[in-house]
Structure formats: C-alpha cells, structure tokens
Chemist: 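Sharing a structure with you now.
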Protein chains: 2
Amino acid sequence: MERRTADSLRDGIEQLIVSGEFGNGERLDEVRLAARFGVSRTPLREAFQMLAASGLVELIPRRGAFVRLPDLVAMFEMFEVMAELEAMCGRLAARRVTPAMLADIKAAAAACEAALEEGDSDRYYRENGVFHHLLYAASGNGFLAEEAERLHRRLKPFRRMQLRVRGRMRQSMAEHRDILQAIEDGDGARAADALRGHVAIQGERFNDLMASYDIAQRRAG
Amino acid sequence: MERRTADSLRDGIEQLIVSGEFGNGERLDEVRLAARFGVSRTPLREAFQMLAASGLVELIPRRGAFVRLPDLVAMFEMFEVMAELEAMCGRLAARRVTPAMLADIKAAAAACEAALEEGDSDRYYRENGVFHHLLYAASGNGFLAEEAERLHRRLKPFRRMQLRVRGRMRQSMAEHRDILQAIEDGDGARAADALRGHVAIQGERFNDLMASYDIAQRRAG
DNA sequence: GTCAATGGTTTTGTATACAAAAATACGCTT
DNA sequence: AAGCGTATTTTTGTATACAAAACCATTGAC
C-alpha cells in the first residue's frame with residue numbers, strides 16, 4: 001500500500017476483491033478507495049479501467065465501478081474455453097514444435113514429476129505453470145500464446161483451489177505424460193484431446209470444484 | 001467528433017489509427033489529440049487505456065502511448081485463433097441451440113442472402129456481423145461468446161478489407177449455408193470444420209489478404 | 001571528433017477544482 | 001398513508017494546475 005504506481009493500484013484492488021473484502025456486485029467508492037490507497041481519484045480511475053478490461057469489475061457510465069465475480073456457471077464456461085485454447089496449442093505444437101522447445105517441455109514435465117515425488121504441491125503448482133507456458137509458446141502462434149496466458153492468469157485463483165483436491169496432482173501428472181507423448185509423436189488430434197481432458201472440468205471434477213467453490217464463497221461472503 | 005463520451009473518443013482514435021493517419025509505432029500526443037477532439041487530457045487518457053486493453057496501442061509508463069498495428073504474421077495468427085473460437089461456437093451450438101435461436105440465425109442468413117442478391121456489400125457486411133453474433137450466443141457459453149465478440153471486433157478493419165476481394169461475398173454466403181445446415185443437423189464436428197474454413201485465412205485467401213494489406217500499408221505509410 | 005554533463009523544454013502523472021448527473025430525502029398533495 | 005415532485009446531497013466526469021520525469025540541445029572535457 002506504500003508504492004503507488006498504476007499497476008500496483010490495480011493489484012491492490014484486485015487483492016481486495018479476491019480476498020472477499022468487496023463482495024460481488026458491490027460498488028467501489030472512488031473517494032474512499034482513493035483515501036485508502038493514499039492517492040487521488042485520477043490514478044484510481046485508471047486502475048478501474050484496467051480491472052474492467054480484465055473483467056473483474058464492470059464500469060457503468062455515470063453509475064460507478066461494480067465488482068463482477070464469476071459465478072459457478074461463468075467459471076465453468078471459462079474453463080471450457082481454456083480447455084479449447086490449450087487443445088489448440090497442443091494440436092499446433094504437435095506439428096510445429098522444435099527439438100529445442102520439446103526438450104524444454106520435457107524438462108518442465110520432469111520438474112513436475114520431481115515435485116510430485118517430493119509431495120511438494122506448491123512446487124508442483126509452479127512447475128505446472130511453466131509446463132503450460134512452454135506449451136503455449138510451442139504452438140508457434142504468438143497471439144494464441146498471449147491469449148492463453150491471459151486466460152490462464154485470470155483462472156489462477158480457481159485453478160489453485162482445484163489442485164487441492166486429493167489425488168488430483170498425481171492424475172494431473174499422468175495427463176502431462178500423455179500430452180507430451182502425443183506431441184512427441186506429432187499426433188495433433190491426440191494432443192488436443194489430451195489437453196482438453198486435462199483442462200476441462202468434467203465428471204467428478206465438476207463436483208469437486210463446486211464443493212471448494214462453495215467453501216470459498218462462504219468464507220468470502 | 002462533436003460528441004465526446006469515453007467510447008466515442010476511443011472509436012475516434014481507433015479510426016485515426018486504422019485510417020492510417022497515425023502510422024505504426026508512432027506516439028500519440030496527448031495534448032494535440034486532446035485539442036483535436038476538443039477535450040482535456042483526462043478523458044483522452046481513459047480512452048488510451050481502453051485502446052491498450054484491445055491491443056491497438058501500447059502504453060509505456062512515462063513514455064506515452066504508441067500505435068501497435070499487427071503485422072502480417074500477427075494478423076494471420078489472430079485469424080487462426082478466431083477460426084478456432086468460431087469453430088468451438090459452432091460445435092457447441094450444434095448440440096445446444098434452441099429452436100428460437102436457430103430461427104434467428106436462419107433469419108440472419110436470409111438477410112445476408114438478400115444483401116448478396118442486391119449486391120449491397122455494406123449491408124452484407126452488417127448482416128454477416130449479425131449472423132456471427134447470433135452464432136456466438138447460440139454456443140450457450142456466455143464467456144466464449146464474449147471472447148469471440150471481442151476478437152471479432154478487433155479484427156473488424158481487416159475483415160472488411162478481406163471482403164472487398166472479388167467473389168468473396170458469394171463464397172462467404174455458400175459457407176454460411178453449410179454452417180447452418182450442419183448446426184441444424186446437430187453435427188458439431190461438421191459445423192466446427194465449416195466455421196474453421198470460413199474464418200481462417202488459407203490458400204489463395206492468404207494471397208488476397210497479403211495484397212490488400214500491402215496496399216493499405218502503402219497508403220498509411 | 002566523440003562522448004558526457006548540464007540546463008532548458010517538453011511531456012507524463014497526479015492532485016484538485018468545478019460542473020453535471022444521479023441518488024436521496026423531504027415535504028406536499030390527494 | 002401513499003405517491004409524486006422538488007430540493008439537497010452525493011457521486012461521477014472533466015478541466016486545469018502543478019510536480020516530476022524524460023527528452024533535447026548546447027557546451028565543455030578528453
């Protein structure tokens with residue numbers, strides 16, 4: 001709260017929203033927030049613009065800025081799109097990946113494996129992020145990689161809560177192996193399917209997510 | 001240029017960029033632009049934020065706002081992603097579309113057909129937008145629909161220039177018929193393939209685009 | 001001749017002041 | 001007492017003023 005660049009303001013407000021201090025639909029008061037962060041309304045309004053662009057708040061002209069947290073349906077929809085974007089990355093990567101990139105992806109998968117053996121879920125979470133990041137890049141489509149990264153970032157809090165489910169880490173790793181093998185074989189369709197299954201929320205995973213979401217909401221509300 | 005809401009400002013600047021008055025990499029001078037639009041720097045800077053969110057300008061702290069036009073490669077990549085998003089919409093719509101929505105889509109296709117018969121390319125362009133908009137909604141995934149809309153909007157200027165190619169309008173209409181039929185048959189895979197082909201830039205279409213892009217660039221530079 | 005330092009100028013970032021619109025409260029009528 | 005119209009108060013949107021950083025050009029040192 002001491003620094004006050006445009007970005008840090010955005011992060012600060014984002015934090016307040018995600019932590020549940022501001023509930024869904026609540027109006028963000030410009031003067032109160034400005035006072036709280038020790039800035040004037042001008043930079044605060046610029047931060048609002050950024051948050052609106054990322055979808056976390058809605059800006060209604062002459063009305064104000066309102067918190068817009070995704071509900072369960074919206075979250076499910078976002079994962080559905082994320083699954084398709086990653087599937088596309090996999091499909092393209094299977095055809096376009098260079099040997100050097102493939103080596104990097106293998107290394108990331110190995111790091112995941114190491115984290116799994118250690119039972120270090122924080123590290124697994126981190127290495128998993130690297131794995132996916134490299135996969136996006138391997139698609140050879142820079143724009144796709146950016147978009148995938150953007151959505152990945154937006155889903156971050158929810159993904160984390162999903163990984164806490166018992167046994168999910170081990171299953172996730174098995175799926176990584178499938179994905180990697182399909183890309184190595186140059187089998188785009190199989191890579192795409194594996195990634196769709198890896199990312200999408202389906203079957204019992206849906207129930208798991210619903211349960212953890214309920215808990216998180218209760219804590220926030 | 002007489003009205004001056006936040007959105008109209010953004011559109012006005014966007015127009016200046018797309019029309020080529022501001023070349024790629026050029027800095028957008030706050031005071032000059034403010035004077036030109038008859039507003040102060042404050043709303044202008046908010047418009048900059050919006051343009052940065054949509055990727056048309058890059059905001060470098062303490063340096064200013066710079067035009068960032070996609071090059072040919074980036075544009076190709078964007079269309080590749082757009083094709084996949086639309087394919088996904090089609091795949092889902094084939095399963096989820098309601099009779100009422102299907103009727104709306106049919107009506108939009110009919111309007112396109114009418115525009116084609118009249119040879120009214122502006123109207124075709126407009127009705128074509130409606131057709132795609134309805135398709136996004138028919139996916140039953142609100143988030144997907146929003147993302148598709150967003151990218152569609154971003155590609156607007158380039159799509160328009162693509163449609164100017166001789167005979168493209170008639171071919172586009174034929175593809176619409178295929179898409180509609182596949183959705184009506186509930187054949188998700190066929191709808192997806194038809195849409196991928198409809199949107200993606202491939203084969204000679206790539207050369208067409210390259211040519212018109214060259215011309216546009218030359219006019220701008 | 002090249003490079004670095006320094007002063008002046010431009011330009012961004014932010015605070016504040018003011019105008020217009022929305023929200024709210026109050027009183028009036030029925 | 002309920003509903004409507006109006007006055008008051010918030011709150012947003014915008015202009016302007018000012019501070020700080022970046023830019024630029026001139027000058028001086030090596």
Side-chain angles (χ1 to χ4, degrees), chain A residues 1-17 20-69, chain B residues 1-69 150 153 220-221:
Chain A
M1 214 206 278
E2 38 293 325
R3 282 228 317 280
R4 16 151 165 190
T5 86
D7 279 10
S8 81
L9 253 184
R10 184 203 50 177
D11 290 345
I13 299 169
E14 191 174 298
Q15 204 51 41
L16 291 182
I17 294 172
E21 182 157 341
F22 288 95
N24 193 16
E26 198 166 336
R27 189 176 124 268
L28 298 173
D29 192 288
E30 290 186 1
V31 292
R32 278 207 300 173
L33 269 179
R36 172 157 188 175
F37 284 100
V39 296
S40 79
R41 284 172 53 221
T42 311
L44 197 90
R45 284 171 61 90
E46 295 203 348
F48 280 178
Q49 291 280 350
M50 292 189 225
L51 289 163
S54 81
L56 208 60
V57 310
E58 186 185 0
L59 250 41
I60 304 180
R62 290 260 170 226
R63 287 260 142 68
F66 296 84
V67 176
R68 289 283 177 265
L69 281 175
Chain B
M1 217 204 276
E2 37 293 326
R3 280 227 317 280
R4 10 140 169 205
T5 85
D7 279 10
S8 81
L9 252 185
R10 183 201 52 179
D11 289 346
I13 300 168
E14 190 173 299
Q15 203 52 41
L16 291 182
I17 294 173
V18 176
S19 75
E21 182 157 343
F22 288 96
N24 193 16
E26 198 166 337
R27 189 176 124 268
L28 297 173
D29 192 290
E30 290 186 359
V31 292
R32 278 207 300 174
L33 269 179
R36 172 154 186 175
F37 284 100
V39 297
S40 79
R41 283 172 53 221
T42 311
L44 198 89
R45 284 171 61 90
E46 295 203 347
F48 280 178
Q49 290 280 350
M50 293 190 225
L51 289 164
S54 80
L56 207 60
V57 310
E58 186 184 0
L59 249 41
I60 303 179
R62 290 261 169 225
R63 305 304 277 281
F66 297 84
V67 176
R68 288 284 176 264
L69 281 174
R150 200 173 56 86
R153 186 182 189 293

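All values reported here derive from a predicted model rather than from experimental measurement. Chain letters run A, B, ... following the sequence lines, proteins first and then strands; every chain starts at 1.
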Chemist: Rounded to whole angstrom units, what separation is found between the CD atom of B:Q49 and the C1' atom of C:dT14?
Modeler: 14 Å
Chemist: What is the distance, to the nearest angstrom, from the CZ atom on B:R32 to the P atom on C:dT12?
Modeler: 11 Å
Chemist: Counting C-beta onward and ignoring hydrogens, is there a side-chain heavy-atom pair between B:R45 and A:T42 closer than 4.5 Å?
Modeler: no
Chemist: Using nucleotides 16-19 of chain C, report all nitrogen or oxygen pairs with the protein that are shorter than 3.5 Å.
Modeler:
{"residue": "C:dT16", "atom": "O4", "partner": "A:T42", "partner atom": "OG1", "Å": "3.3"}

Chemist: Which residue, A:P61 or A:E46, contacts DNA chain C at a nucleotide closer to its 5' end, judged by nearest heavy atom?
Modeler: A:E46
Chemist: Measure from CZ on B:F37 to C1' on D:dT14 and round the result to the nearest Å.
Modeler: 16 Å
Chemist: Whole Å only: how far is the CG atom of B:D29 from the P atom of D:dA22?
Modeler: 18 Å
Chemist: Below 3.5 Å, can you tabulate the donor-acceptor pairs from side chains in residues 55-66 of chain B to any protein atom, sequence neighbours excluded?
Modeler:
{"residue": "B:E58", "atom": "OE1", "partner": "B:R68", "partner atom": "NE", "Å": "2.6"}
{"residue": "B:E58", "atom": "OE1", "partner": "B:R68", "partner atom": "NH2", "Å": "3.0"}

Chemist: Mind checking whether A:L44 and A:I13 have side chains closer than 4.5 Å, heavy atoms only?
Modeler: yes
Chemist: Using the side-chain contact (heavy atoms from CB on, under 4.5 Å) rule, take B:L16 and B:L28 through it: C-alpha gap first, then chi angles, then the decisive distance, then the call.
Modeler: CA-CA 10 Å; B:L16 291 182; B:L28 297 173; over 6 Å; no
Chemist: Would you kindly give the CD1-to-C1' distance between A:I60 and C:dA23, to the nearest whole Å?
Modeler: 15 Å
Chemist: Looking at A:R45, does any N or O in its side chain come under 4.0 Å of the phosphate oxygens OP1/OP2 on D:dG13?
Modeler: yes
Chemist: In this structure, how many angstroms lie between the C1' atom of C:dA21 and the CD atom of A:E30, rounded?
Modeler: 14 Å
Chemist: Just the rounded figure in Å: distance from C1' of C:dT11 to CZ of B:F66.
Modeler: 11 Å
Chemist: Within the pair A:R63 and C:dA21, is there a side-chain N or O less than 4.0 Å away from OP1 or OP2?
Modeler: no
Chemist: Nearest whole angstrom, please: distance from the C1' of D:dT12 to the CG of A:L28.
Modeler: 14 Å
Chemist: State plainly whether the residues A:E21 and A:R36 are in salt-bridge range, i.e. N to O under 4.0 Å.
Modeler: yes
Chemist: With sequence neighbours excluded, what pairs up with B:R10 under the side chain to side chain donor-acceptor pair (under 3.5 Å) test?
Modeler: none
Chemist: Hey, what do you get for CE (B:M50) to CG (B:L9), rounding to the nearest 0.5 Å?
Modeler: 8.0 Å
